[in-house]
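What follows is a single structure, written as structure tokens, with notes after it.
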Amino acid sequence: MNDRIAVRVGAATADTAPDLWGLFIEDLNDALDGGLNAELIRNGDFEFDPSERNDFHHLTGWATEGPVQVRTGSPLHPNNRHYASLIGPAAIANSGWYGISVTKGKRLRLSLFARVTEQTRLAVTLGNGLASTDLDVEPGGWHYLEADLAPTATGCGELRIAVPAGADADLDAVTLRPLADDGSPLTFRPDLLQALKDLAPSFIRFPGGCLAHGYGLGNIYHWKDTIGPRWRRAQTRNIWAYHQSRQIGYGEYFELCEALGATAIPIVAAGVCCQNSPGGQHAIPESQMKDYIQDVLDLIEFANGGPETRWGAKRAEHGHPEPYGLRYLGLGNEDEITDAFRNRYARIEDAVREAHPEITVIGTSGPCTTGPDFEAGWQYARERGVAMVDEHGYQNPRWLHQNLDRYAAYDPDGPKVYLGEYAGCSSTVRSALAEAAYMIGLERNPDVVRLASYAPLLARVGHSQWTPDLIYFTADEVRLTASYYVQRAFGTERGERVRAVELEGVVPWTRPVAGTGEAHVHSPRATVAFSDVVFDGRPVPDYATVPGIDGAVLAAIGPDAADIEFTAVRRDGSDGFSLRLGPDDPSSSVKFNFCMGGNRNTVVFRRDDGIDNWEATRPWPEWGDGVPVRVRVRLDGPRLRVWVDGELHHDLELDTRPEHRVAAGALSRTAADGGTEYVVRLVNAEDTEKPVRVDLDDAPGPVAADIELLAGAGPDEGALFEASPIRPVTEKAKGENGIDLILPPWSFASAIVRPSA
Ligand code: AHR
């Protein structure tokens, strides 16, 4: 039997952060178009363009029959220049996002614009006899047409629009949306909307992420391009290399926030585009800054101005005359902290502070939890007195379990933290539990951490650019991950006061940086020759990688120690090579990548439990064929050093602090009867079950508890694009002054404990 763990819930230490748990939505992974956007037609505006992705064209998503051309003369709107021009007999058929699924009796609203030279009847059919209608079009310019389709069966098919022989028609802005119970076309896909609602988010951050600051200056997200009638919105390339219809634009984002009972956190670019754009970070030219700043102020008016104001009136046109009560505005996303950034950021923030002191402006601190932009971003935020800073932390479970106390070390009088993006880097139970433990750490530091949102939120199965994600979906299925259930438990059960928690009986968990294994080189895309190889002062045989072959072992190494040196020359192929120190299994190893993935830098990773964790990156000029490079990598306990061509290139002290695999947190709140009840969170990310005694200092006498328990699968169960292998179950418990429970191996429990008569 394992020793009992004692959890002692003591005095209230602080008020909780009231908005702590929220969502971050970005059109990535088909999250919006093809996802949350209820629209069933893909490329209904014929605006997909080869400049966005080379397999795109203006008829992407459409099949054609007979003479069909894409034209631009006298378009519907300058923002919607392309349309399909058919000379009958001809037809176009749209297959939506990989098939349009409909349900018998669930009506749909079809709408389109058509222009004909003579009165024409368009024949519209859905699937093979699922539904049909005719649309009569009068000559004389573009006409808006709509009709409701009532599927007579459940099925999947295309929407086909046919022009009869002898007629011609220009077609544009074709849309097909399911209808709500009140007969209005849906904006959001209901099952995904419900999944978001069930998380009980306090806020929604949107529209990005990288999407907000854009791929190049021309790709910065300008909110004004995204309001008004959908067919007039400026569509563009998505930074994630697909097309953004902007059908979910700023009006809809605010509508979504309201539907979920969440406050909005719009993110605007801090006057610079993404530093990963061609040519690096660019700043909005001086001549455009005045207008850009005005756009940001206008956004606040769009959200909060009365309907009599210019931009408040636009909101009213979106069907919402009442102000939304915007409280937060994010300025920038993971930007490189350069002088150009500081200059633009300061001017935008100053203007907002002056005109809207009621708005909390959230700054940015680079993409990682450490590193030059993190340091510079925070230093700048402190100097400027920025109210809150957006930090991002995609980290593996080892890191999360080591960093539960990260925010206890922050200055409570400095800028507050919005952890805008974080995840445990896999869809396994292991990652979900590490996130739960880390979230306990976020929750117990409310004087520092004010907001937090997992990322990314949504991904369509088979169409993603980023994994893991919280919610996977197909056309008709929503797959909730173990991480989702963790988020839901925190989001739905909040407290008002943070309680002190003492934990006894927990044995700290440590592991080597790299276990016993080997020095192994690998080069997936190149032939790289390794010569003059010296391991621990002894020569070892030369080796040349073969692309596509899984590399070779240069030497065997013990735990946490290796000193290997070689000359590498790329003979042909592309990119560079990777050197692993440690075992060829999921446990623990370190990896040095030289010019891999784009041939522009060197990177150090740690791998724990099969999940890579980034440690450091430094730029390196492109590596050409035939150019020798002398590399020495030395692992000396936690210290990892890498020399390239004789210069110390990386010098890292890797984190060997214990992992808090067993964690506990507690909140209290006022119960319906006016008494005090407790929310107790418990994580057991170990292989053995743990008997736990929870004592409530302030609740003498009998108590009753409702416990939601997520348990029953091994740590490595759960996979990308799959639903969680486990679902929460609820249990009840009773006790005196607290409760006793058994925490199964690899489990998370959220218990509501209240005094009982
Ligand atoms: O969440 C996916 C991306 O990760 C975000 O767009 C960006 O901010 C981060 O790099």
Side-chain angles (χ1 to χ4, degrees), residues 23-44 61 94-111 126-127 130-131 148-149 151 154-159 174-201 204 206-207 211 226 230 233 238 240 242-262 319 456-464 469-481 484 487-488 721 723:
L23 305 180
F24 163 45
I25 294 191
E26 177 169 30
D27 197 357
L28 157 74
N29 307 325
D30 285 6
L32 294 189
D33 287 347
L36 189 58
N37 181 4
E39 177 59 59
L40 295 171
I41 301 295
R42 182 166 181 241
N43 190 21
N94 191 282
S95 46
W97 274 270
Y98 330 107
I100 298 175
S101 292
V102 296
T103 308
K104 182 179 174 182
K106 291 261 181 203
R107 284 154 26 100
L108 306 149
R109 170 80 37 85
L110 165 74
S111 71
L126 183 57
L130 292 174
D148 288 355
L149 299 174
T154 296
C156 184
E158 299 177 327
L159 180 86
V174 183
T175 88
L176 182 69
R177 286 180 179 266
L179 297 183
D181 292 343
D182 66 0
S184 60
L186 288 174
T187 302
F188 304 111
R189 184 176 140 171
D191 53 355
L192 288 175
L193 187 66
Q194 189 60 48
L196 302 187
K197 200 168 196 164
D198 291 345
L199 291 167
I204 303 179
F206 63 87
L211 196 95
T226 74
R230 293 199 177 104
R233 298 182 188 175
N238 184 319
W240 301 106
Y242 61 92
H243 182 88
Q244 286 174 74
S245 73
R246 268 51 184 294
Q247 290 187 358
I248 305 294
Y250 258 70
E252 290 78 13
Y253 277 120
F254 279 110
E255 194 183 323
L256 177 67
C257 292
E258 191 165 73
L260 301 186
L457 181 64
L458 292 161
R460 188 177 181 108
V461 175
H463 298 272
S464 76
D469 306 283
L470 197 67
I471 301 170
Y472 300 112
F473 60 90
T474 64
D476 38 31
E477 199 190 337
V478 176
R479 301 181 185 169
L480 306 175
T481 59
Y484 175 92
Q487 292 288 327
R488 194 179 71 178
F721 307 113

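A side-chain donor from one of N29 and D469 sits under 3.5 Å from a side-chain acceptor of the other.
The nearest pair of heavy atoms linking L192 to G35 is CD1-C, 3.6 Å. When every heavy atom of S101 is checked against every heavy atom of D476, the shortest pair comes out as OG-OD2, 3.8 Å. The two atoms that bring V478 and A195 nearest to each other are CG1-CB, 4.2 Å, heavy atoms only. Here the closest heavy-atom approach between residue T226 and residue Y250 is recorded as OG1-N, 3.0 Å. For the pair S464 and A459, the tightest heavy-atom approach, listed with the atom from each and the gap, is CB-CB, 4.2 Å. The two atoms that bring H243 and D33 nearest to each other are O-OD2, 3.7 Å, heavy atoms only.
Taking the side-chain hydrogen bond (donor to acceptor under 3.5 Å, both in side chains) definition, one finds that W240 meets it with E26, sequence neighbours left out. Residues satisfying the side-chain hydrogen bond (donor to acceptor under 3.5 Å, both in side chains) test with Y472, not counting sequence neighbours, are S427. Under the side-chain contact (heavy atoms from CB on, under 4.5 Å) criterion, A38 pairs with R177, P178, L186, sequence neighbours left out.
Listed for the T481 side chain is no donor-acceptor partner under 3.5 Å among the backbone atoms of A723. Between the side chain of R189 and the backbone N or O of E39, no donor-acceptor pair lies under 3.5 Å.
Taking the charged nitrogens against the carboxylate oxygens, E158 and R42 have no contact shorter than 4.0 Å, which rules out a salt bridge. The pair R107-D148 meets the salt-bridge criterion, with a side-chain N (NZ, NE, NH1 or NH2) lying under 4.0 Å from an Asp/Glu carboxylate O. Remark: E252 does not engage R246 in a salt bridge, criterion side-chain N to carboxylate O under 4.0 Å.
Residues I471 and L480 meet the side-chain proximity criterion, which asks for heavy atoms closer than 4.5 Å. Two residues are said to be in side-chain contact when any heavy atoms from C-beta on lie closer than 4.5 Å; R479 and V461 meet this criterion. The shortest distance between side-chain heavy atoms of L470 and L199 falls below 4.5 Å. Side-chain atoms of L126 and L108, non-hydrogen and from C-beta on, do get closer than 4.5 Å to each other. Using a 4.5 Å heavy-atom cutoff, the side chains of L176 and I100 are in contact. You'll find the side chain of R230 reaches within 4.5 Å of the side chain of R233, heavy atoms only.
For F24 and F206, the ring centers are positioned 6.0 Å apart or more.
Remark: I25 CD1 to I204 CD1 distance equals 5.0 Å, nearest 0.5 Å. Interatomic distance, CG of L179 versus CZ of R109, reported as 5.0 Å (0.5 Å rounding). Taking CG of L196 as the start and CG of L256 as the end, the distance is 6.5 Å to the nearest 0.5 Å. Put simply, CG on N37 and CG on D27 are 8.5 Å apart, with the number rounded to the nearest 0.5 Å. Note: I248 CD1 to T187 OG1 = 6.5 Å, rounded to the nearest 0.5 Å. Distance check, rounded to the nearest 0.5 Å: CG of L260 to CG of L23 gives 7.0 Å.
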- Begin with the C-alpha distance, continue with both residues' side-chain angles, and end with the deciding distance and a verdict on side chain to side chain contact (heavy atoms under 4.5 Å, CB included) for L211 and N238. CA-CA 7 Å; L211 196 95; N238 184 319; 3.3 Å; yes
- Task: Assess whether side-chain hydrogen bond (donor to acceptor under 3.5 Å, both in side chains) is satisfied between T103 and T154, documenting all intermediate values.
- Result: CA-CA 4 Å; T103 308; T154 296; 4.9 Å; no
- Task: Please lay out, stage by stage, how Y253 and L32 fare under the test side chain to side chain contact (heavy atoms under 4.5 Å, CB included).
- Result: CA-CA 11 Å; Y253 277 120; L32 294 189; 2.9 Å; yes
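Around the CG atom of D181, the shell of radius 6.0 Å holds no more than 12 heavy atoms that belong to other residues, nucleotides or ligands.
Residue H463 is tested with F473, Y242, Y98 for a ring pair (Phe, Tyr, Trp, His ring centres under 6.0 Å); the sole match is Y98.
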